[in-house]
Amino acid sequence: MIEAGKPATKLKSEAVQVLLERGLINQCTDLEALDTKLSEGPVTAYAGFDATAGSLHVGHLMPLMTLRWLQRLGHRPIVVLGGGTSQVGDPSFRNEARPLLEQQQIAANIAGIRRSVERLVDMSGQDGALLVDNAEWLNEFKFLEFLRDYGSQFTVNRMMSFDSVKSRLDAHVPLTVLEFCYMMLQAVDFLELSRRHDCTLQIGGSDQWGNIVNGVELGRKGDGRQLFGLTVPLLTTANGSKMGKTAAGAVWLHPEHLSPFGFWQFWRNTADADVPRFLRLFTDLPISEVDRLSTLQGAELNEAKKILATQVTNIVHGPEDARAALEQGDALFAGGQELAEPTHRMDIAQLAEGLGLLELVVAAGFAGSNGEARRLVEAGGVRLNGIVVEDPRRRIASGDLLAKERLALAVGKRRKALIAFD
RNA sequence: GGAGGAGUGCCCGAGUGGCUAAAGGGGACGGACUGUAAAUCCGUUGGCUAUGCCUACGUUGGUUCGAAUCCAACCUCCUCCA
């Protein structure tokens with residue numbers, strides 16, 4: 001047995017070697033056999049994403065990075081969008097049911113998710129990654145057929161033994177049959193993909209382990225076929241908290257949910273202790289470079305953080321946005337506001353109509369409501385062009401604009417915006 | 001099927017008629033200190049067109065001048081009995 005996280009002595013495949021050194025492997029159903037398979041030729045691997053929101057967030061980055069590496073090493077990724085499973089809602093490790101999504105909402109969400117996926121894996125060409133929607137087959141099932149064909153392959157005893165539902169059961173929070181069947185659907189997905197596309201590996205977050213194992217077992221029972229499951233580690237910060245939340249909510253990958261600069265800032269603000277790990281997980285930088293950056297100490301680590309931020313932004317948003325974000329960061333934190341691209345744009349007509357400071361703070365995404373903005377202002381956390389403003393009724397006038405009709409707005413030490421009025 | 005108990009804000013948890021937008025803790029955010037880090041200390045933590053108004057204590061109704069708190073029905077969970 002190969003231990004995840006430890007340097008293995010005799011690895012056959014480059015893929016497992018790379019994933020291990022990147023820290024992308026948490027658990028595998030049979031790492032040794034998978035290693036062999038990956039060394040023998042191209043393998044098709046998939047990761048699925050439900051359409052619970054209009055954008056993926058940083059937590060989804062790890063399975064995507066795993067697919068990215070596999071593709072780079074000659075294997076073929078499939079990304080499954082959960083148009084079908086989103087109608088059910090995965091109960092794994094959740095203590096309450098997800099609100100049910102409308103078809104229309106699911107379709108809109110899928111569009112947003114697709115955009116990020118396309119940047120992380122290469123969809124072009126004949127051998128490019130594949131994007132499929134599990135509604136394609138899940139929507140076709142008739143209830144009785146489904147029960148007979150697949151329900152017979154699962155036992156409730158086994159299904160209840162998974163940790164993903166155990167906590168729910170133990171907490172005595174109702175788990176509906178609808179939700180309980182989610183793991184069956186995901187298992188069927190895997191079987192379906194193995195049949196349609198010869199897909200033999202599923203990758204997911206560690207919370208997906210139960211669902212993945214069910215798929216692997218269904219492949220064995222149903223088709224006598226060996227399938228593999230691989231989970232990536234749960235993303236936590238050095239403080240032990242679940243990573244990916246900020247004041248404004250999740251750290252989204254879609255630019256309409258979080259600006260590329262906001263995204264860059266998130267990584268720039270990484271805690272010291274997380275830098276080496278994040279460089280390995282979320283960038284394409286060679287390990288030698290990661291190691292070099294990881295030796296930096298104290299304030300020097302800030303350079304490594306900038307590299308981290310720029311690299312991840314490059315992968316998620318592209319080189320132009322990454323470069324712009326880096327420049328914006330330098331400009332906003334070291335002066336020189338004229339040099340960089342603005343982070344926000346607003347209609348200059350709004351100034352004439354009367355624009356309050358609070359509205360501006362909300363418009364910049366630094367507060368979710370006027371009330372929150374008011375509190376920030378009253379606490380002395382808001383600066384206009386570098387000067388603390390404590391009057392919540394302060395209006396923005398054309399006299400506040402710097403060169404090029406710009407305005408520098410800052411909330412706290414790390415959230416800054418360069419707003420252009422045109 | 002019967003008897004009893006429980007369901008509180010992002011999370012945990014106190015509160016059993018007005019002083020409750022609701023103790024305390026966690027988390028998050030802001031301030032001080034720093035390196036846009038960590039630790040520590042202090043503060044804030046429902047919304048609004050804001051000396052007022054609206055929304056909120058499982059759901060829906062009711063009693064009352066006034067309800068998270070009392071009553072009824074319903075939903076979910078727990079315990080005991082059948």
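Sequence lines set the chain letters: A, B, ... in the order given, protein chains first and strands last, and positions in each chain run from 1.
The ring-ring contact (aromatic ring centres under 6.0 Å, His included) contacts involving residues 311-331 of chain A comprise A:Phe263-A:His317, where partners must be two or more places apart or lie in separate chains.
Across all strands shown, A:Gln265 has heavy atoms under 4.0 Å from base atoms, whether or not it also approaches the sugar-phosphate. Contacts of A:Lys416 with the nucleic acid, taken as non-hydrogen atoms under 4.0 Å apart, are absent. Among the protein residues, A:Gly380 comes within range of the sugar-phosphate backbone only, with heavy atoms under 4.0 Å from sugar or phosphate atoms but none that close to a base.
The nucleotide whose nearest atom lies closest to any side-chain atom of A:Lys413 is, among B:A37, B:C48, B:C33, B:C33. Taking only side-chain atoms of A:Arg383, from C-beta outward, the nucleotide of B:U36, B:G31, B:C48 with the closest atom is B:G31. Side-chain proximity of A:Ser369 to the nucleotides B:G30, B:A38, B:G47 is greatest for B:G47. The side chain of A:Arg415 approaches B:C29 more closely than any other nucleotide in the set B:U36, B:G35, B:C29.
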Dump the pairs, protein N or O against N or O of nucleotides 50-60 of chain B, anything under 3.5 Å, distances to one decimal.
from: B:A50; atom 1: N1; to: A:Arg374; atom 2: NE; distance (Å): 3.4

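Nearest-nucleotide assignment on RNA chain B puts the 5′-proximal partner with A:Gly329, out of A:Gly368 and A:Gly329.
Taking 4.0 angstrom as the limit, A:Arg375 places a side-chain polar atom (N or O) nearer than this to OP1 or OP2 of B:G47.
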* Structure fact -> Per-residue pairing states of RNA chain B in dot-bracket (Watson-Crick or G-U under 3.5 Å; . unpaired, | other strand) read ((((((((.[[[..)..(.....]]]((((((.......))))))(((...)))...[[[[[..)....]]]]]))))))).
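The two residues A:Asn370 and A:Leu358 make their nearest non-hydrogen contact at O-CD1, 4.1 Å.
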